[in-house]
Number of protein chains: 2
Amino acid sequence: MNQLILKTPLSEAQEDYLKQILLLSSGGTGSLEPTLAVSTQDLADEMQIKPASVTGMLKKLSEHGLVEHEAYRGVRLTATGYKVALEVLRHHRLIEAYLHQALGYGWEEVHAEAERLEHHISEAFEARIAEWLGHPSHDPHGDPIPSAQLELPQDAPSQRLSSLEDGEYGLVMRVATQDQDALNLLARLGIRPGAKVEMLMLGHSVEGTRVRVGEQRYLLPTNLAQMVWVSPLGDEYAG
Amino acid sequence: MNQLILKTPLSEAQEDYLKQILLLSSGGTGSLEPTLAVSTQDLADEMQIKPASVTGMLKKLSEHGLVEHEAYRGVRLTATGYKVALEVLRHHRLIEAYLHQALGYGWEEVHAEAERLEHHISEAFEARIAEWLGHPSHDPHGDPIPSAQLELPQDAPSQRLSSLEDGEYGLVMRVATQDQDALNLLARLGIRPGAKVEMLMLGHSVEGTRVRVGEQRYLLPTNLAQMVWVSPLGDEYAG
DNA sequence: CAACATTTTTAGGTTAGCCTAAACTTAGGT
DNA sequence: ACCTAAGTTTAGGCTAACCTAAAAATGTTG
């Protein structure tokens with residue numbers, strides 16, 4: 001319903017740039033407010049292309065009024081660019097939710113498929129799957145889905161699993177990575193949105209982060225523990 | 001299941017060429033046996049591009065061993081090219097069926113959406129929607145869907161609606177056009193797979209083709225009546 | 001069977017989006 | 001304040017898939 005009207009329809013590459021600028025500028029906290037400027041390098045790393053190619057594309061996006069690019073100082077989304085990025089993100093996350101709930105994909109499997117489909121569905125398709133899903137506010141990774149009006153749901157505050165105190169319990173709210181191997185591992189351990197995780201005593205060490213999920217104890221690489229966002233439960237919820 | 005392994009993954013454009021060569025070479029009869037060679041001109045017309053562009057692409061497809069192109073004499077699919085074309089067609093028609101049955105699209109609306117999606121779904125997605133649908137043999141237009149092994153269902157013989165005798169009844173089996181306006185008109189009149197149509201007395205004239213659908217009588221442009229394939233029912237099934 | 005209209009190919013050009021290599025900021029350490 | 005490393009931009013290339021214009025092959029027809 002919120003079909004944005006632009007002079008030129010955007011290419012797949014252009015949509016991906018805008019989406020990545022949004023994700024990087026909001027710093028992976030899930031809040032999606034485009035605060036910081038994003039560097040050419042960071043975009044290049046994220047998109048697996050060379051910085052020189054990024055510069056070229058930023059010039060084009062800038063001419064189209066979708067970003068503001070100050071040479072050597074990074075790039076920011078304009079109001080229009082921000083809306084387009086949210087629209088792409090809405091497509092992506094609705095598709096993830098649909099693949100999971102309607103077609104039985106595992107929550108860790110949906111990203112790659114959504115990544116390709118997000119650029120090729122119509123507004124009608126978006127509307128129909130949103131309807132089927134009951135207009136969900138979050139995707140299977142716990143990421144917020146912009147509404148049809150491109151507004152973001154208000155998320156309860158959460159913290160990284162790695163920041164829980166020894167003995168503290170957390171309810172997993174988000175798994176914030178797109179790395180397929182990381183997703184596979186976390187899925188295998190049962191660390192997914194809705195799961196309860198305990199930070200073990202002496203849980204923080206150079207060897208990693210020690211946690212309990214269900215009956216099992218795991219030594220988790222700390223960088224993985226940083227990708228998992230939890231809402232603390234207090235020790236009384238043990239079990 | 002039947003993921004074809006090719007040295008180079010094909011581009012969207014290449015897949016479209018192979019699909020169109022298959023559809024044109026089987027002459028729109030629905031049988032999908034690649035009998036005739038296809039001319040550069042016909043491909044150019046169908047795909048809305050210039051003949052010169054077609055020649056260039058045929059050269060490339062020929063180098064990849066997907067078609068045999070004899071200069072000035074048209075093009076044919078090789079065995080490999082035929083399989084790829086069937087795979088693309090399977091994607092297309094499964095998607096059409098899924099959009100219709102799972103997401104409530106009208107049968108006349110599904111083509112455009114499927115046209116874009118067919119190139120961007122994984123084999124896993126194909127398998128899941130095929131499963132959900134119960135491995136259908138035909139899409140919402142009545143076109144046959146190649147099986148996962150790329151075999152085609154055996155269709156009962158049918159004839160064009162325009163070839164029914166005066167007073168004869170026909171059961172609509174296929175609506176063989178991709179023209180959106182033609183589809184809209186036929187859908188509005190209730191002429192869809194499964195519908196029963198009567199050829200009226202004096203039904204054939206230069207003004208068009210006169211038919212009855214349900215309670216209503218229509219003067220149908222004859223070219224539209226030629227797109228509709230029916231299985232004759234005999235007059236006794238009146239009503 | 002020669003001439004012409006049609007079809008097809010060739011030759012050369014465009015745009016999008018990537019690349020490499022080299023030149024140019026900018027910022028940090030002393 | 002300078003010098004260097006890191007980050008960025010410029011310049012020049014490449015490929016895919018389209019285009020136009022002109023040349024060449026085909027086949028139909030008088």
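For the pair B:Gly56 and A:Pro51, both in contact range of DNA chain C, the more 5′-proximal nearest nucleotide belongs to B:Gly56. If you find the closest nucleotide of DNA chain C to B:Ala71 and to A:Lys60, the one lying nearer the 5' end belongs to B:Ala71.
Base contact: B:Ser53 has a heavy atom under 4.0 Å from a base atom. Residue contacts for A:Ala13: at a heavy-atom cut-off of 4.0 Å it reaches the sugar-phosphate backbone alone, with no base atom in range. Contacts of B:Thr55 with the nucleic acid, taken as non-hydrogen atoms under 4.0 Å apart, include base atoms.
When rounded to the nearest whole Å, the span between CG of B:Leu10 and C1' of D:dA16 equals 13 Å. Between the P atom of C:dT10 and the NZ atom of B:Lys59 lies a distance of 7 Å, rounded to the nearest Å. Atom pair B:Gln48:CD and D:dC19:P shows a separation of 10 Å (rounding to whole Å applied). Distance B:Glu15 CD to D:dA16 P: 16 Å, rounded to the nearest Å. Between the C1' atom of C:dC19 and the CE atom of A:Met47 lies a distance of 15 Å, rounded to the nearest Å. Per the geometry, CD belonging to B:Glu12 stands 10 Å off P belonging to D:dA17, to the nearest Å. The nearest whole Å value for the distance from the CD atom in A:Gln41 to the P atom in C:dA27 is 15 Å. Distance CG (B:Leu43) to P (C:dT9): 11 Å, rounded to an integer number of Å.
OP1 and OP2 of D:dT9 both lie 4.0 Å or more from every side-chain N or O belonging to A:Arg73. Contact check, A:Ser39 against D:dG7: no side-chain N or O comes under 4.0 Å of OP1 or OP2. One finds a side-chain N or O of B:Tyr17 lying less than 4.0 angstrom from the OP1 or OP2 phosphate oxygen of D:dC18. When the side-chain nitrogen and oxygen atoms of B:Ser11 are compared with OP1 and OP2 of D:dA16, none of them lie within a distance under 4.0 Å. Within the structure, a side-chain polar atom (N or O) of B:His69 is placed less than 4.0 Å from OP1 or OP2 of C:dT9.
A salt bridge is absent between B:Arg93 and B:Glu118; no separation between the charged side-chain nitrogens and carboxylate oxygens falls under 4.0 Å.
The side chain to side chain contact (heavy atoms under 4.5 Å, CB included) test with B:Gln14 is passed by exactly one of B:Lys60, B:His119, B:Lys19: B:Lys60.
Ring orientation note: the planes of A:Tyr105 and B:Phe125 are tilted relative to one another, at an angle of 30° to 60°.
Under a 3.5 Å cut-off, the side chain of A:Ser163 and the backbone N or O of A:Gln159 do not form any donor-acceptor pair.
Taking only side-chain atoms of A:Lys50, from C-beta outward, the nucleotide of C:dT20, D:dA17, C:dT9 with the closest atom is C:dT20. Picking from C:dT25, D:dA17, C:dG17 the nucleotide with the shortest atom distance to the side chain of A:Tyr72 gives C:dT25. When distances are taken from the side chain of B:Met57 to each of D:dT9, D:dA17, D:dC19, the shortest belongs to D:dA17.
Within the structure, no pair that satisfies the salt bridge (Lys or Arg N to Asp or Glu O under 4.0 Å) test touches residues 67-79 of chain A, not counting sequence neighbours.
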*asked:* Working note: B:Arg128 + A:Glu109, criterion salt bridge (Lys or Arg N to Asp or Glu O under 4.0 Å); need CA distance, chi angles, decisive distance, verdict.
replied: CA-CA 13 Å; B:Arg128 302 221 191 214; A:Glu109 299 176 324; 3.4 Å; yes
